[in-house]
Asks: 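Have a look at this one.
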Amino acid sequence: MADAAEGGPADPNATIRYSQNIPTSKTQMRRFLPFAIIALALIGALVVVLVLWRSSQRSSTSNNATPDPSIPAGAEPPHVRGNPNAPVTLEEFADFQCPSCGAYYPELKKIEAEFGDRLRVIFRERPLVPTHEHALIAAQAAEAAGAQGRFWEMHDKLYENQKAWSEVKDVVPLFVDYAKQIGLDPDRFMRDLNDEVVAARIFQDGKRAHALGIDSTPTFFVNGSEAKGESWKPDGLRAMINQALSGANPK
């Protein structure tokens, strides 16, 4: 009892319990240090995940705009040149007999070479008939070549020789000769020239062009944004592609 009266503890365990409930500052630091380290690690991991997620969202947004369900997709699968997983898509609507398309052809080749794997090009048929009398049969020739896996080879032949075949009354013999030059079976090429599948592809591209209001060629879209005014010119097109690559909406 004396101990109790003089302030000594009646229960020795009481002092122990008290010291455990209110630790010294050093004890607190030792106890909470592991939790602080874990918390910092978790915060760091969360920051990394957030940065990666935002980067992936920006890349996804820049690659292709969300398709408008009211706009027809065009012929499927489309004719694609370049890296199919490129971050930027250049979609061209063109007419093989169109002089402007022919003049733009070498510039597009330069742009493709400059951007390499960062760019994929989609070609859409937009023959302007009756303005260009051979535009439709030229589109059929390209699609017939595509049936044998040589669309782009015929595409290049038609543009590189545009002046020659545009001035000929009967272009079919010339197109058959081009088909042979690029390694096609000429008999199959002739059958495919008027095949329903070929006609359907041109029709589907035409529906897409009509829905987008395209009435002139060549018309370009970069990740879904139309190249207009100065942006339609080669340097403007390059600027749009660079904007898309930077994550900005091309304008």
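The analysis underlying the following values was restricted to heavy atoms, covering all of them including side chains, and did not include hydrogens, waters or symmetry mates.
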Asks: Supply the members, apart from I202, of the Ile/Leu/Val/Met/Phe/Trp/Tyr cluster built from side-chain contacts under 4.5 Å; use none for a lone residue.
Replies: V129, L136, V198
Asks: Identify which one of F96, Y178, F175 satisfies the ring pair (Phe, Tyr, Trp, His ring centres under 6.0 Å) criterion when paired with W165.
Replies: F175
Asks: For L90 and F115, run side chain to side chain contact (heavy atoms under 4.5 Å, CB included): C-alpha distance rounded to whole Å, both residues' side-chain angles, the deciding distance at 0.1 Å, then the answer.
Replies: CA-CA 11 Å; L90 171 63; F115 289 96; over 6 Å; no
Asks: So R238 and I111, side chain to side chain contact (heavy atoms under 4.5 Å, CB included) or not? Walk me through it.
Replies: CA-CA 7 Å; R238 288 182 175 89; I111 290 173; 3.8 Å; yes
Asks: Could you note down all residue pairs passing salt bridge (Lys or Arg N to Asp or Glu O under 4.0 Å) where residues 181-191 supplies at least one of them, sequence neighbours left out?
Replies: R188-D192
Asks: Taking the hydrophobic residues Ile, Leu, Val, Met, Phe, Trp and Tyr, and joining any pair whose side-chain heavy atoms are under 4.5 Å apart, which ones share a cluster with F221?
Replies: I71, F93, L212, I214
Asks: Could you work out, with side chain to side chain contact (heavy atoms under 4.5 Å, CB included) as the rule, every residue matching V197, not counting sequence neighbours?
Replies: D195
Asks: Spell out, as yes or no, whether a donor-acceptor pair under 3.5 Å connects the side chain of W152 to the backbone of H79.
Replies: no
Asks: So, applying side chain to side chain contact (heavy atoms under 4.5 Å, CB included) with P87, which one of I241, L119, D117, L245 is it?
Replies: L245
Asks: Is the shortest heavy-atom distance from the side chain of H155 to the side chain of Y105 under 4.5 Å?
Replies: yes
Asks: Keeping to residues at least two apart or across chains, list the salt bridge (Lys or Arg N to Asp or Glu O under 4.0 Å) pairs with something in residues 208-222.
Replies: E91-R208
Asks: Could you work out, with side chain to side chain contact (heavy atoms under 4.5 Å, CB included) as the rule, every residue matching A179, not counting sequence neighbours?
Replies: M154, L184, F189
Asks: Do any pairs count as a salt bridge (Lys or Arg N to Asp or Glu O under 4.0 Å) and have a residue in residues 137-152, sequence neighbours left out, and if so which ones?
Replies: E143-R201
Asks: What class does the angle between the rings of F151 and F123 fall in, given that below 30° is parallel, 30 to 60° is tilted and above 60° is perpendicular?
Replies: tilted
Asks: Roughly how far apart are M240 CE and E230 CD, rounded to 0.5 Å?
Replies: 13.0 Å
Asks: Residues two or more places apart in sequence or in another chain: which of them pass side-chain hydrogen bond (donor to acceptor under 3.5 Å, both in side chains) with Y159?
Replies: none
Asks: Any donor and acceptor pair, going by atom type alone, linking the side chain of T219 with main-chain N or O of S216 inside 3.5 Å?
Replies: yes
Asks: Does C98 offer a backbone N or O that forms a donor-acceptor pair with the side chain of Q162 under 3.5 Å?
Replies: yes
Asks: Mind checking side-chain hydrogen bond (donor to acceptor under 3.5 Å, both in side chains) for E167 and listing every partner two or more places apart, or none if nothing turns up?
Replies: K163
Asks: Apply side chain to side chain contact (heavy atoms under 4.5 Å, CB included) to T89 and R120, showing your working.
Replies: CA-CA 5 Å; T89 297; R120 70 169 183 160; 2.7 Å; yes
Asks: Please list all pairs passing the side-chain hydrogen bond (donor to acceptor under 3.5 Å, both in side chains) test where one or both residues lie in residues 92-104, with sequence neighbours left out.
Replies: D95-H132
Asks: Would you name the heavy atoms of P106 and A103 that are closest together and state the gap between them?
Replies: CD-O, 3.3 Å
Asks: Output the rest of the hydrophobic cluster of I122: all Ile, Leu, Val, Met, Phe, Trp and Tyr residues reachable through side-chain heavy-atom contacts under 4.5 Å, sorted by chain and number.
Replies: V80
Asks: In chain order, what residues pass the salt bridge (charged side-chain N to carboxylate O under 4.0 Å, His left out) check against K109, with sequence neighbours excluded?
Replies: D156
Asks: Using only atom types and a distance under 3.5 Å, with no angle test, would you say the side chain of D205 pairs donor to acceptor with the backbone of R124?
Replies: no
